[in-house]
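Shown next, in structure tokens, is the structure this report addresses.
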Amino acid sequence: MRRLLFAANWKMHVAPQQAREYLKLFAMHYRTRPDREVWFFPPAVSLEAVAHAIKDRTDARVGAQNIHWEPKGAFTGELSAPMASHAGARATLIGHSERRHLFGETDEHVGRKLMAALKADLTPVLCVGEKLEERDAGQTVAVVTQQLAAALAGLDGGTLGNVVIAYEPVWAIGTGRNASPQDAAQVHREIRAWLKARNAARTRVLYGGSVNLTNIAELLAEPELDGVLVGAASLDPEGWATLAQTGAA
Ligand code: 13P
């Protein structure tokens, strides 16, 4: 059975009390299904509130948006993987394009963070994706496979199976411009081929970038997609519940 994953990246939105209210509303509108999972990536300050609110759900998970690679130390303003885990996180985004392009995260940082996540038993959701000028120059596949190689080098197929990949073209994030389902599927196929060559056939590959209630059905119709990573359209609990039930029988 294809188990779809709907991941909500709240970015710098939703404080703890708002998170509690959000999850009450979400629970009223979302019916648990065996073929779907819903993961939430709140700001660090709201991790515990979300973890508490979903503690009885087997289909939901909370994760951090970012971690540092060291477990502790003099790194003002940072959050370590073990600390996120203590707050209830079971996953973490790694190398989101906003981290890479607004905060200067390099491939080397991304690789170290990925290892730290695995070590702390957090499922890494590795974000990859090309910029508009790279797409226009025909470099999409080269950029994406370079990012995969930099972050995942040396991992065996079994470990790669515990990683989730999110393909998020940078030009489609928060712009209202999403990749066509066919464009997304094409890159997903390349990512899958890369993974398969490393014996990692079961790694899940999500799509992200301006996913919303209008385009979700046609994106999910593409069997290459194992789910979606959603920013803006995940901020309204009722809308997110509807989105995560799209196409469900
Ligand atoms: P939007 O859905 O707001 O475009 O954000 C996508 C994203 O960056 C999810 O991580």
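In what follows, every heavy atom counts, from backbone to side chain, and hydrogens, waters and symmetry copies are set aside. Just so you know, residue 1 is the first one in the sequence shown, and it goes up from there. Both counts, for ligands and for their atoms, begin at 1 and track the order of listing. The model shown is predicted, which means the values in this text are computed figures rather than measured ones.
The protein atom (non-hydrogen) at minimum distance from atom 7 (C) of ligand 1 is Glu168 OE2, 3.2 Å. The nearest heavy-atom contact from the protein to atom 10 (O) of ligand 1 is His96 NE2, 2.8 Å.
Here the CD1-OH distance, from Ile216 to Tyr207, works out to 10.5 Å after rounding to the nearest 0.5 Å. Note that NE2 of His52 and NZ of Lys55 are 4.5 Å apart. Values are rounded to the nearest 0.5 Å. In this structure, the separation between CD on Gln245 and OH on Tyr30 is 6.0 Å, given to the nearest 0.5 Å.
Checked by distance only, ligand 1 and Asn9 come closer than 3.5 Å through their nitrogen or oxygen atoms. Ligand 1 has an N or O atom lying under 3.5 Å from an N or O atom of Lys11, backbone or side chain. Considering both main-chain and side-chain atoms, Ala232 comes within under 3.5 Å of ligand 1 through a nitrogen or oxygen pair. Taking any N or O of Gly231, backbone or side chain, at least one lies under 3.5 Å from an N or O belonging to ligand 1.
For NE2 of His86, the number of neighbouring non-hydrogen atoms (other residues, nucleotides, ligands) closer than 6.0 Å is 12 at most.
Nearest-residue assignment for atom 4 (O) of ligand 1 (options Ala7, Ala166, Gly174, Ser234; heavy-atom criterion): Gly174.
Within ligand 1, the atoms closer than 4.0 Å to a non-hydrogen atom of Leu229 are 9 (C), 10 (O), numbered from 1 in the order shown.
In this structure, Glu130 pairs ionically with Arg135, as a charged nitrogen and a carboxylate oxygen lie closer than 4.0 Å. Remark: Glu70 does not engage Lys113 in a salt bridge, criterion side-chain N to carboxylate O under 4.0 Å.
Side-chain contact check for Leu5 versus Asp226: every heavy-atom pair is 4.5 Å or farther apart.
Under the 4.0 angstrom criterion for non-hydrogen atoms, Gly208 is not in contact with ligand 1.
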